Structure formats: structure tokens, C-alpha cells
Protein chains: 2
Amino acid sequence: MKAFLAAIGSNGQSCADCLVRPFSICASLDKTEMQEFERLSRHAHFAPCETVFAEEEMAISFYNLIEGVMRLYKLLPDGRRQIVGFALPGDFLGMTASGRNAFSADAINAVAVCRFSKVSFQRFAEDKPHLLRRINEFAIRELSQAREHMVLLGRRSAEEKVATFLVSWRDRLARQNGASATLPLPMSRQDIADYLGLTIETVSRTFTKLERVGVIEIISGGVRLLDPARAEALAAA
Amino acid sequence: MKAFLAAIGSNGQSCADCLVRPFSICASLDKTEMQEFERLSRHAHFAPCETVFAEEEMAISFYNLIEGVMRLYKLLPDGRRQIVGFALPGDFLGMTASGRNAFSADAINAVAVCRFSKVSFQRFAEDKPHLLRRINEFAIRELSQAREHMVLLGRRSAEEKVATFLVSWRDRLARQNGASATLPLPMSRQDIADYLGLTIETVSRTFTKLERVGVIEIISGGVRLLDPARAEALAAA
DNA sequence: CGCCGCGTTTGATCTGCGTCAATCGTCCTG
DNA sequence: CAGGACGATTGACGCAGATCAAACGCGGCG
């Protein structure tokens, strides 16, 4: 299962053999642009639970996630946490309106990123409308996900939340690895709870319930989707 | 109060005397671009509760809201509604990742918009990186609002939700009209409930409670913020 | 191998908010 | 001015999910 997730992404030294390129903003660059772009980037690695950047700190870099999974979250002053998304290989991080990060990001498992200084990135992107448009597309896609998630947080029951999470997580993984009934869940139950606006106990109980009715099987490090149709039905209604 | 809200925006015929221009994407255009741009746009008006566009229908236009307030929402198949935002004059609508609208939008009060066909808009924007960047900024600002709202929906109590809503609604209006303790609330209690992930009864009770403790006074068509500091405290914690 | 630590599961109980229902207030209209 | 329509408020009650607490299971390590 670990090997399965690790297979997404690339440890290749150069952009030329980067496995996530077709999913990343880099797909909009031609060969010579790519070579120039490559010189602006530095690879960085993060161990599980290490923080890549924190909310409110000055955002001086952009990141392309190339390997691993990250949690993106905001904290309330009293410690309540809302995870606003999980980042997968190909995702582009670091866009802000204010110059400061709008959320914190840390590694869930071993993570590798391409990091770019914002100033050099912006100089590079300045006269490349195709790159700007691609970045814009990414922002709009994230917006649409964010709004979908608002519906989930505001209007769905615990069971619907969990089912929706499993189905859309499967779909996201499928886009990179192809479909599979076996879903790795590298994040903890607490992470899932904070993503869905629930408590860890409710998430755990709901998993158990879904298992009891034969929709999923809980396995080490993830779940197996035994009855995807049922899961989708629970997610939709 | 109605006159107050109506004062935002402009019925001017031409972009030259458009009051919302500094708040809109148009602020990035110079005079000659503005003139060319003007020829692409058509004004349109909508009565209260009229639908401007609906989720899932093909999105063939962009809109600049120039007057009035709109509710932006998504529906679940069974009719549950989540309002994902309220649009104010200056807001730019119609960006989609898929070609179909990600949400529905209708007028809350009398609304005026500038409408652009996407094809002509895109042709116009093609070689104008400053406009693309401005649009990108708008998308990123909305993303940041969306994430803030996720925290509210997932992790805040009813009282915190209502207080946060009042404070941030005040701040948004203040950006255009200057600060005021008197808050027009053109949307219904049901709209507020669907925005905050609550029921209409809970919203009503919470308003009453906030009035009883002297934080607000409920007036026709809105509220008066008697104790902004208390309200902010309730919103933050 | 046995002990420990930590994430997860399960159980018992509580409560904030939803649900259902009645009443109120304001505006509109005949 | 009476009657009705509609949105907002208030009250009584129930429940989904939170809280509190205990037990489980598995991997790491002495």
C-alpha cells in the first residue's frame, strides 16, 4: 500500500522525466521554457508530520508537490482545526492574495516538492499568458472543489460526509493511478474528522457502520471499496 | 436603507463613470483598452429573486455585478441548499473549470450587471497579462474567502457563525461605502441560514439572543451593530 | 517475549441544534 | 379597515453527533 502511493510522483532529477508533469502547471510549458524553468526550482523533502509552510507566515515560495500527500489546514485561536484540503502530486501551492499564507501545510507521509522563489517565478511567468492561464485554471478548479466542500460541511450528514469523502478520494487517486477498489488512506482518522467537520469518534463509528453494511472493508492503511455503487448513492443523496 | 445599498454601484451608461470600476477587474485596464472592452459588454437588469444563471447550464457569459446583491448557491438533489457566497458590486462571475456553472446565482434585490460573451472576452484578454493577473487575483481572493468559510461551516458554533457573518458582512460593505454601524441585510433569514449551515429557526434565535445581550439591535431590513467589539470577540474565539 | 505508547474503536451519556408547530407582525389588497 | 399571505419569531421536544471514558490492537523496543 505504501509502495502504491509512492508510485505516484517522481524522484527523477530532471523535469524531463518528471512523472507528475502532465498533472502540474508545468504541462503548459514547452521544452525550452521547461529548461529555463528547471533552473529556478529546488527540490526539497519533508518527513511525515513536518510542516512545509505555516499560515500567516510570509509566502515567499511556490511549490509543486511531486510526491506524497499533504494536509492543508487552518486553526482557530482555541486550537480547533479545519483541514481545507489534501494535496496530491501535481498540485500547485503557495498562491496568496495577501502575501501571507492563507493556511498551513504539512506532510502526511514522505513528501517531495519543487520549490520556486516567488520573485523569480513571477518574472518567468510575466510574459507567458499560457502559463498564467494554466495557473488560473488550477485556481478555478480549486475554487470549485472548495464550494463542493462547503456543501458537504454545511448540509450533509456524517454518513454522507464519509461516503462522499471516500468516493471523491478514490476519484482523485484514479486520475493519476487508474481506478482501483483499494483506497490507501495515508491520513489519520483525526485528519479525516477535521476535513469533514466531525469528531474522530464519529468518523470511526461511521467507518465501522459502512463496513457492517458491506460498503467497505477496513484494511491496514486504508479501505477496500466493496460496493462502490452503494457508496456513490450514499454520497449523492 | 434600500437607498443606502442602491448607492453602491452605478447606472451610468458608460464605463467612464462606472462607480464600481475601481473594485472590479476593469481597474486593470487603461483608457483605450476600456473603450474597446466597453463595446463587448451589454447591461442587463434582474428583478428580486430572478435567476441570473443556473448550476450545470453552459456558462457562455462572464458578469460584472454593478448594482445589487446576489446569492450564489448549490443544491443537493433532495433540495437542501448551501449558499456559497453573496456577490456585491464589483464582483466578477462566470469563471468555470468545466464550461458549466459550478453554482446558481440569483438576484436578492434589484440587480444590474455587465455581461460579456466568453468567446469575445477571452479573445480580448488573450494578450493582456495584466488583466489575466487581475482575474487571477480575484480567483485567489475568493479561494481564501472560501477556505475561511469552510472553517466556519465545519468548526464554529451557531453563535460564532452568526457573529462572524455580521462582522465580515460589515467589513465587506465598509470597503465600498465606508464604515457604518447600521448593516443592511437584503437577504432573508433563510438565505443567512443556508449560508451558515444552520436552520432559519436557529438563525432567528441567535439574532434574538445577540439583541438581548446588547450586541445588536434588530431593525427593519437589517441590524445595528451596537457593540462591534463584542461581536468581533464572539466571531474570533 | 512482554511491555509500552499511540492511534483506533466502542460504549454511555449529554447537548446544541434540528424538527415540528403555533403565533406574531408587517405589508398588501379588496 | 378587515382579511390573507408571508417572513420572522418563539416554544416544546427529539435526535445526530459531541463528549467523556474505557478498552483494543498493533508496532517498536528493551
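Just so we're on the same page: letters track the sequence lines, and every chain starts at 1. Everything numeric here is computed off the predicted structure, so don't read it as measured data.
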Residues [X] and [Y] bridged, charged N to O under 4.0 Å:
{"X": "B:Asp91", "Y": "B:Arg172", "value": "yes"}
{"X": "A:Glu55", "Y": "A:Lys74", "value": "yes"}
{"X": "B:Asp194", "Y": "B:Arg80", "value": "no"}

| request: Starting at the 5' end of nucleotides 23-28 of chain C, put B wherever the base has a protein heavy atom under 4.0 Å, S where only the sugar-phosphate does, and a dash everywhere else. | output: ------
Could you give the [atom1]-to-[atom2] distance, from [X] to [N], as a whole number of Å?
{"X": "B:Lys161", "N": "C:dC17", "atom1": "NZ", "atom2": "P", "result": "8 Å"}
{"X": "B:Leu185", "N": "D:dG7", "atom1": "CG", "atom2": "P", "result": "17 Å"}
{"X": "B:Leu153", "N": "C:dC17", "atom1": "CG", "atom2": "P", "result": "13 Å"}
{"X": "A:Ile218", "N": "D:dC24", "atom1": "CD1", "atom2": "P", "result": "18 Å"}
{"X": "B:Leu196", "N": "C:dG18", "atom1": "CG", "atom2": "P", "result": "10 Å"}
{"X": "A:Gln190", "N": "D:dT19", "atom1": "CD", "atom2": "P", "result": "11 Å"}
{"X": "A:Lys209", "N": "C:dT9", "atom1": "NZ", "atom2": "C1'", "result": "16 Å"}
{"X": "A:Glu201", "N": "C:dC14", "atom1": "CD", "atom2": "C1'", "result": "13 Å"}

| Donor-acceptor pair under 3.5 Å, B:Arg205 side chain vs D:dG11 base |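 Yes.
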| request: May I ask you to check whether A:Phe62 and A:Phe92 place their ring centres under 6.0 Å from each other? | output: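 Distance test on ring centres: under 6.0 Å, yes.
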| Looking at the rings of B:Phe116 and B:Tyr63, which for Trp means the six-membered one, are their centres under 6.0 Å apart? |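 No; B:Tyr63 has its ring centre 6.0 Å or more from that of B:Phe116.
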| query | For B:Thr208, which contact category applies under a 4.0 Å heavy-atom criterion: base, sugar-phosphate, or nothing? | reply |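 Sugar-phosphate: the residue B:Thr208, judged by heavy atoms under 4.0 Å, touches backbone atoms but no base.
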| message | Applying a 4.0 Å non-hydrogen cut-off, can you work out what A:Ser188 is touching in the nucleic acid: base, sugar-phosphate, or nothing? | response |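 Result for A:Ser188 = sugar-phosphate.
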| said: Check this one for me: any side-chain N or O of A:Thr199 less than 4.0 Å away from OP1 or OP2 of D:dG17? | reply: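 It does not, given that no N or O in the side chain of A:Thr199 lies less than 4.0 Å from OP1 or OP2 of D:dG17.
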| task | Verify the contact: side-chain N or O of B:Thr202 to OP1 or OP2 of C:dC17, cut-off strictly under 4.0 Å; return yes or no. | result |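 For B:Thr202, the contact criterion (side-chain N or O under 4.0 Å from OP1 or OP2 of C:dC17) is not met.
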| task | Find the distance between CD1 (A:Ile83) and CD1 (A:Ile108) and round it off to the nearest 0.5 Å. | result |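 Going from CD1 on A:Ile83 over to CD1 on A:Ile108, the span is 6.5 Å.
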| said: Nearest 0.5 Å, please: how far is CD in B:Glu232 from CZ in B:Arg170? | reply: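 Reported to 0.5 Å precision, the distance equals 4.5 Å.
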| Which comes earlier along DNA chain C counting from the 5' end, the contact point of A:Arg155 or that of A:Arg189, where each point is its nearest nucleotide? |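 That would be A:Arg189.
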Proximal nucleotide (of [options]) relative to the [X] side chain:
{"X": "A:Ile200", "options": "C:dG18, C:dT9, D:dA18", "answer": "C:dT9"}
{"X": "B:Ser204", "options": "C:dT8, C:dT19, D:dT9", "answer": "D:dT9"}
{"X": "B:Leu198", "options": "C:dG18, D:dA18, D:dG17", "answer": "C:dG18"}

